Each structure stands twice: as C-alpha cells, then as structure tokens.
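Report on one structure; see the data block that follows.
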Amino acid sequence: MTLVYHRDIIPLIHTPEPGRTTREHGTGGTFAMRLSQAFGKTLREQPAEVEMASHGLMLRAGLISKLASGIYSYLPLGWRSVRKIQDVMRKEMNAIGGQEINMPVVNPGDIWKESGRWDEIGPEMARFKDRSGRDMCLAMTHEESVTDLARRFIDSYRQLPCVVYHIQTKFRDEPRARGGLVRVREFTMKDAYSFHTDQADLDRYYPYMCTAYERICRTCGVPVVKVLSDVGMMGGSMAHEFIYLTDSGEDTLILCPECGYAANREVAMFNKTPEQESAPTGENQAPVEKVHTPGKDTIASVTGYLGVSPVLSIKTMAYFTQEDNRLVIALIRGDLDINERKLANFVGTSQVRLASPEELGAHGLVQGFMSPVGVGHLEVTVDDSISPEYSYVAGANEKDYHFVNVVPGRDFSLDSVADIAAARDGDLCPVCNAPLVQARGIEVGNTFMLGTRYSKSMGANFQGEDGALKPLVMGCYGMGVGRLLACIVEENRDEKGISWPITVAPYHVHLLSLGTGSQVIEIAENIYDKLGQLGVEVLYDDRDESAGVKFNDADLLGMPIRVTVSKRSLEAGGVEVKLRAGEESMIVPLDGFEDKISGLMRHEFSRFVPEG
RNA sequence: CGGGGAGUGGCGCAGUUUGGUAGCGCGCAUGGUUUGGGACCAUGAGGUCGCAGGUUCAAAUCCUGUCUCCCCGACCA
C-alpha cells in the first residue's frame with residue numbers, strides 16, 4: 001500500500017523493464033535498494049589523497065565524498081550506517097535515563113562570553129556577525145547552550161538528577177584535517193549532559209555512562225579502552241577517553257599490560273624511582289661548586305663528561321604561556337622529559353611553548369647551560385622527581401660552565417613542586433610497577449566530570465533541600481558519530497574491502513544475480529521481494545555486470561550476508577549463501593531459504609550485541 | 001604557524017627538464033560478442049592543463065602572484 005501511494009505521488013524515475021517486479025522501490029525504499037539505481041558508485045582505484053585504510057575504503061565504497069578539507073557529504077550507503085550508529089547511541093542513552101533534545105548549531109556569542117570561552121578559545125571557533133552586528137559563532141560543542149537550558153528549566157533538587165543528549169553537527173576549524181573522517185572540521189557528535197545536586201551524585205552516575213559507551217562501541221564492532229585523559233578546553237575535574245587502539249591513531253596512550261592502568265600520555269603518571277638507586281647525599285652536603293664543561297650543552301654530554309648518572313642532573317627548561325606570555329621555568333631530573341600538557345595545566349595556561357634562544361638571551365638565560373640556581377625571581381615549577389635528598393649537576397647559566405653539588409631546597413626553592421614529567425615506553429606503572437607500554441589510538445568518545453565550571457559562570461543554580469541556592473554539578477559525554485564510523489571500517493575490513501558488523505551495516509544482505517537467464521532473474525527478484533517483506537534489508541545487485549565485478553563490489557561494500565543466484569547455484573539445488581566474514585559458502589535450497597537467512601542474521605547480531 | 005609535495009576529462013596517471021596548442025588506463029555512452037572473481041571488439045562523448053597576470057610569433061611547459069588539496073613537524077637546552 002505504501003507502494004501505491006509512492007507511485008501516485010512521485011512518477012517513477014526509473015521505469016521497470018518488462019519481466020521485472022513492480023516492487024521497484026521495495027518496501028517503501030527503506031529495506032531494499034537496487035544497485036542499478038543507487039546514487040553513487042564504487043571506485044576501482046584508491047583516490048590519491050588517501051592515507052588511512054578506512055578512508056580509502058569509505059571513498060571506494062561510495063560511503064562519503066569530500067566537499068572541502070575536513071568537510072564531507074554522506075552518500076546513501078554511508079548515511080544508512082550513520083543512522084544506525086546514531087540509533088545504537090540513542091538506545092544506550094535512553095537506557096541510562098537520557099532524554100533526546102536538539103540544540104542549535106548557530107550560537108549567540110553572548111553565552112560563550114558568559115562562560116568565558118569566547119576569549120579562551122582561539123581561531124578553531126568559527127565566528128561571524130549577524131546582520132545587526134551581533135557576535136555569533138558555530139558551536140564547537142554545546143556546554144553553553146545546555147547550561148542555558150538548565151538554568152531556565154531546572155529550579156529544584158526535585159528535578160535532579162537529569163540527563164539530556166543530542167546528536168548534532170559541530171564545527172571546529174581544525175588546523176589540519178586528516179585521515180578521512182578521523183579528524184574533520186564539520187562533524188556530528190552525540191553529546192550527553194547530566195545534572196546533579198552534588199559531586200557524589202555525579203560520581204554515582206558517571207560509571208553508568210562509561211558502561212553505555214563501552215556497549216555502544218561493542219555493538220558497533222569497535223574495541224575500545226578507557227583511559228584517563230586531560231580535561232582540555234572543557235575544564236572540570238576528571239575525564240576519560242574511549243580509545244580505539246590502532247597505529248594510525250593520533251593520540252598516544254600509556255598502558256600497563258599487568259594491572260590495566262591506562263592513560264593518555266598527556267596525563268599519564270609513572271613511578272619515577274630510578275633503576276639504580278644512588279645513595280642519598282644526606283647531611284654532609286658540600287657547597288655548590290662551578291666546574292668548566294666546555295661545549296657540554298646537553299644532559300647526555302655533560303653527565304658523560306663529569307662521569308655522573310643523568311639521574312643526578314637537573315634539566316632546566318624555559319617556556320612561555322599562551323595567553324599572557326609569562327616566562328615559566330621548569331626543572332626536571334636529567335633523565336626525564338617535561339610533559340608540556342601537565343606543565344601548562346599546572347601553571348594555569350592553555351598551552352606552553354618553548355622559549356627561543358633569542359628570548360632566553362633577553363632574559364639573561366644561557367642556552368645549554370641554564371640553571372635552577374639564581375632564577376628565584378622567575379616563576380619556577382619543579383618536577384617531583386627532584387629530591388632534596390640528593391645533590392645534582394646543573395647548569396651554571398654561564399657558557400661552558402656547570403654547577404655540581406646543587407641541593408634542591410638549599411640552592412633553589414622547592415615551593416612549587418608538581419608532576420610535570422612525560423611518561424615514556426618502558427617507564428614503570430604508577431600502580432603496579434610493571435613496565436608501561438606506549439600505544440597509538442583514536443579517541444572515539446570522552447566523558448568529563450565538569451563539576452560547576454559552567455553552572456557557576458553562567459548562573460545555573462537550583463534550590464536544595466535546605467532551601468539554599470547551589471550551582472548544578474554537571475557531567476558531559478561526547479562521542480563522534482563519523483569518527484566511530486571510521487573506526488568501524490578501520491577495524492572491520494580485509495584486503496578486499498569492508499566487512500560490516502551487521503548492527504551498523506548499510507544493509508543486511510547483498511543479493512546478486514549472475515547472468516541474464518530468465519529463471520535466475522525471476523528467482524532473484526522473488527528473493528528480493530520476500531526478504532524485503534520480512535524486514536530484511538537487502539541491497540540487490542541487479543546490474544548487468546560480469547561476475548567478477550559483482551563479487552568484487554560485494555566484497556568491497558561488505559554487507560554481512562551475500563546471496564548469489566546463478567544458473568550454477570540453481571543446478572546445485574538453490575542459491576549460494578556466504579558470510580562476508582567467513583570463508584566457505586553454502587548452497588541453500590529455496591525451500592526454507594528465509595529461515596536460513598534469519599538464522600544467519602541472528603548469529604551475526606549475536607556477535608556484536610551485548611547482553612542485557 | 002613552519003617545512004615538503006601536488007593541482008592536466010568523473011578516478012588514477014604521463015607530458016613540463018629541451019615552449020610548437022594534449023595523451024594513456026579505468027569509468028561513461030552506443031552496438032555486438034560474452035557471463036562464477038574487476039571480459040572482449042568496434043564506435044563515440046568528455047579537458048580554455050586550479051586561477052590571475054607576465055615573457056614569447058607561440059605557454060600545460062618559462063617567470064610572478066594567488067587559491068586549493070595532501071603529508072610531516074609542532075621545536076627537550
């Protein structure tokens with residue numbers, strides 16, 4: 001009946017040939033599609049711009065098409081997967097109390113000024129003025145909009161906790177888009193926000209969201225690890241990232257294979273106790289002494305020259321802060337490296353950059369021989385690897401000279417000590433002391449305990465049980481739809497093409513007919529109709545192409561179940577059925593064919609859908 | 001932002017060094033032969049060589065500028 005309506009209203013674009021079924025558009029075009037009519041096409045060769053496997057496959061399979069750097073269109077097959085991914089997200093969000101809303105892409109600058117991010121965020125936010133000169137921007141994320149909603153509608157603790165989410169377009173003018181859908185400028189993100197009376201309630205809720213994230217990724221066939229992460233531009237107290245491990249990822253993780261400790265390198269901790277323990281220099285500490293160290297301007301060269309371990313040297317670094325261009329000095333044990341992210345967070349800036357040799361000179365600092373001694377007038381941060389129990393070799397801030405017997409606390413201040421060291425492959429786990437390993441990965445999603453970062457600045461308060469007005473305690477939880485799609489393809493593929501998890505495959509079944517024999521066509525059409533009526537999503541390759549082209553396209557497009565109708569299969573007693581992920585094919589008699597397909601579908605779904 | 005590379009029919013590329021007005025493969029169209037792993041034959045459509053200036057009798061090719069795309073780096077004293 002849908003069909004009649006459809007045809008009455010819209011003249012057929014494609015007139016069926018005699019002998020073809022009149023079910024040209026299947027059940028309303030939802031469950032079925034003829035490849036001969038599909039918009040888009042497969043590419044035999046990989047476009048030159050491609051670097052990552054998933055990117056090449058998505059272009060070759062006709063899932064996406066690039067409009068500009070980091071800006072993509074989705075073609076019908078890709079969009080079907082996107083919608084399925086979104087539905088997986090909806091299901092899991094709804095299951096933990098989420099209510100779907102939708103917030104605008106275009107924001108007034110005002111709310112971003114209220115939160116303070118109008119000035120904090122740089123050129124990655126696209127800004128413009130409307131016709132009457134008001135500041136506007138494209139939302140990069142929606143904390144401001146959702147906090148505005150919260151302050152309008154949440155008045156009382158009785159309304160808490162509550163969770164809203166939306167799936168919306170965002171724009172970030174990334175300095176460098178790359179990897180197809182992995183890093184783009186315009187993208188779709190599922191964003192959830194939770195509101196709580198206090199931190200304890202957020203603590204209680206947060207694990208539910210983490211579980212939901214793991215379920216989403218599992219359903220989509222993407223293994224992820226949950227790692228501690230930096231709070232970045234979101235602010236707040238604690239954050240995790242859900243990472244798909246792959247060498248082509250752009251995030252660096254530090255993982256402990258023994259106890260499961262996992263963190264983004266930006267925040268990763270480690271046990272800094274050096275392997276060979278030196279005897280503490282203890283009480284009888286000699287006075288600082290200046291020694292001649294000609295040309296020894298690196299830790300390695302100076303410690304080698306003086307015959308001491310780098311562990312007993314101090315590395316002095318000079319940085320400038322992003323916003324106010326403050327000079328900050330960072331001290332760390334000679335065998336370690338500074339983690340600029342940790343340093344920036346500690347000194348309260350969005351980013352630090354290393355001082356240039358000219359800038360060092362302008363501040364009276366000597367490159368290669370910088371010293372912790374005599375910089376007391378500057379802002380100094382000391383890594384907690386440096387111990388007052390020892391005496392160290394350090395620069396003398398004079399060309400070709402170093403100090404020995406430098407004692408922290410005696411010769412320079414230890415007022416400002418923090419962990420600002422970068423964890424590296426092989427460093428020891430902060431929890432269990434096993435060697436850590438470094439890995440690369442793609443950040444699929446993140447979860448933040450925002451706390452009151454936005455509710456305070458934007459005045460989103462509620463009245464507590466005691467009648468007092470308090471700021472809402474918030475959590476926010478993002479997950480990139482397109483990026484997840486890229487990870488799905490990156491993970492579920494082989495040398496021939498994509499091998500979709502059935503949960504997010506554009507179609508369940510790829511039906512193809514070989515040859516032009518009338519019996520073959522008739523049976524294929526019949527199967528197409530029947531499966532469509534059963535709600536099985538069928539992509540039907542009805543093109544007049546050679547067997548090689550059809551099989552190769554089926555492998556490239558990667559639907560989970562392939563059904564081949566041919567003269568040969570009919571002679572063998574039915575149609576050939578093959579799983580994309582498997583090796584063998586089988587002949588299935590037409591009688592009972594539907595049962596066989598639904599059995600295979602159940603089997604395929606069970607591989608990806610978590611229990612419960 | 002810094003460094004490197006590339007823009008030539010829809011896609012992949014050659015031609016640029018040594019200026020002489022564009023070619024190959026795939027794809028597309030038409031006809032025919034094929035039909036279980038990217039078939040074959042024939043015919044044909046499609047490009048002001050990213051754009052703008054300049055040099056020259058003549059520019060895809062040389063010069064200048066500009067735009068776009070891709071890759072690498074984001075400086076460890």
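These numbers come from a predicted model, not from an experiment. Quick note on labels: first sequence line is chain A, next is B, and so on, each numbered from 1.
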> Would a 4.5 Å heavy-atom cut-off, applied to side chains only, mark A:Met317 and A:Lys315 as touching?
Replying inline: yes

> Watson-Crick or G-U wobble partner for B:A58, using a 3.5 Å limit on both distances?
Replying inline: none

>> Side chains of A:Asp230 and A:Asn345 only: does a donor on one sit below 3.5 Å from an acceptor on the other?
In response: yes

> Paired with B:A6: which nucleotide, if any, by Watson-Crick or G-U wobble criteria at under 3.5 Å for both distances?
Replying inline: B:U68

> Which value, in whole Å, describes the distance between the P atoms of nucleotides B:A6 and B:U43?
Replying inline: 37 Å

>> I'd like to compare against my own output: the B/S/- annotation of nucleotides 8-16 of chain B with a strict under-4.0 Å heavy-atom distance to protein.
In response: ---BSS---

> Is a salt bridge present between A:Arg34 and A:Asp541, judged by a nitrogen-to-oxygen distance below 4.0 Å?
Replying inline: no

> Expressed as a whole number of Å, how far does the P atom of B:C40 sit from that of B:A45?
Replying inline: 22 Å

>> Testing A:Asp411, A:Val373, A:Leu331, A:Val393 one by one against A:Ile314 for a side chain to side chain contact (heavy atoms under 4.5 Å, CB included), which residue passes?
In response: A:Leu331

>> Measuring from the side chain of A:Lys315 (C-beta onward, heavy atoms only), which nucleotide among B:U35, B:C76, B:G38 has the closest atom?
In response: B:C76

> Could A:Asp251 and A:Arg440 be called an ion pair, given the rule that one side-chain N must be under 4.0 Å from one carboxylate O?
Replying inline: no

> Looking at the side chain of A:Ile299, which of B:C75, B:A77, B:A74 is the nearest nucleotide?
Replying inline: B:A77

>> Give me the distance, rounded to whole Å, that separates B:A60 from B:G54 when you measure between the P atoms they each carry.
In response: 15 Å

> B:C49 and B:U33: how far apart are their C1' atoms, nearest whole angstrom?
Replying inline: 38 Å

>> What's the gap between B:G25 and B:C62 when it is taken at their P atoms, as a whole Å value?
In response: 26 Å

> Where along nucleotides 39-47 of chain B does protein come under 4.0 Å, by heavy atom, of base (B) or sugar-phosphate alone (S), with - for untouched nucleotides?
Replying inline: S--------

> Could you state the CD-C1' distance from A:Glu51 to B:C71, rounded to the nearest angstrom?
Replying inline: 6 Å

> With rounding to whole Å, what would you report as the distance between B:A74 and B:G7 at their C1' atoms?
Replying inline: 26 Å

>> If you only use heavy atoms from C-beta on, which nucleotide in B:C71, B:A77, B:C69 is closest to the side chain of A:Ala68?
In response: B:C69

> With under 30° as parallel and over 60° as perpendicular, where do the rings of A:His55 and A:Tyr72 fit, or are they tilted in between?
Replying inline: perpendicular

>> Minimum heavy-atom separation for A:Ser54 and A:Glu490, please, with both atom names.
In response: OG-OE1, 2.7 Å

> For A:Lys550 and B:U34, what is the distance between atoms NZ and C1' respectively, to the nearest whole Å?
Replying inline: 14 Å

>> Under 4.0 Å between a side-chain nitrogen and a carboxylate oxygen: does that hold for A:Arg333 and A:Asp383?
In response: no

> Heavy atoms under 4.0 Å, any strand shown: does A:Ala394 hit a base, just sugar-phosphate, or nothing?
Replying inline: nothing

>> Work out how far the C1' atom of B:G23 is from that of B:U8, and round it to whole angstrom.
In response: 10 Å

>> Once you apply a heavy-atom cut-off of 4.0 Å, does A:Arg60 come out as touching a base, just sugar-phosphate, or nothing?
In response: base

>> Taking the basic N atoms (NZ, or NE/NH1/NH2) and the acidic carboxylate oxygens, is any pair closer than 4.0 Å for A:Glu379 and A:Arg326?
In response: yes

> Charged N to carboxylate O below 4.0 Å: is that the case for A:Arg568 and A:Glu576?
Replying inline: no

> P atom, B:A52 versus B:C67: distance in rounded Å?
Replying inline: 15 Å

>> I want to check one thing: is the phosphate of B:A77, taken as OP1 and OP2, less than 4.0 Å away from some side-chain N or O of A:Lys296?
In response: no

> For B:G46, which nucleotide in any strand shown is its Watson-Crick or wobble partner with both distances under 3.5 Å?
Replying inline: none

> Can you name the residues that form a salt bridge (Lys or Arg N to Asp or Glu O under 4.0 Å) with A:Glu398, not counting sequence neighbours?
Replying inline: A:Lys290

> Which part of the nucleic acid, if any, lies within contact of A:Ala355, taking any heavy atom under 4.0 Å across all strands shown: a base, the sugar-phosphate backbone alone, or nothing?
Replying inline: base

> In the structure shown, which nucleotide is the Watson-Crick or G-U wobble counterpart of B:C40, with both distances under 3.5 Å?
Replying inline: B:G32

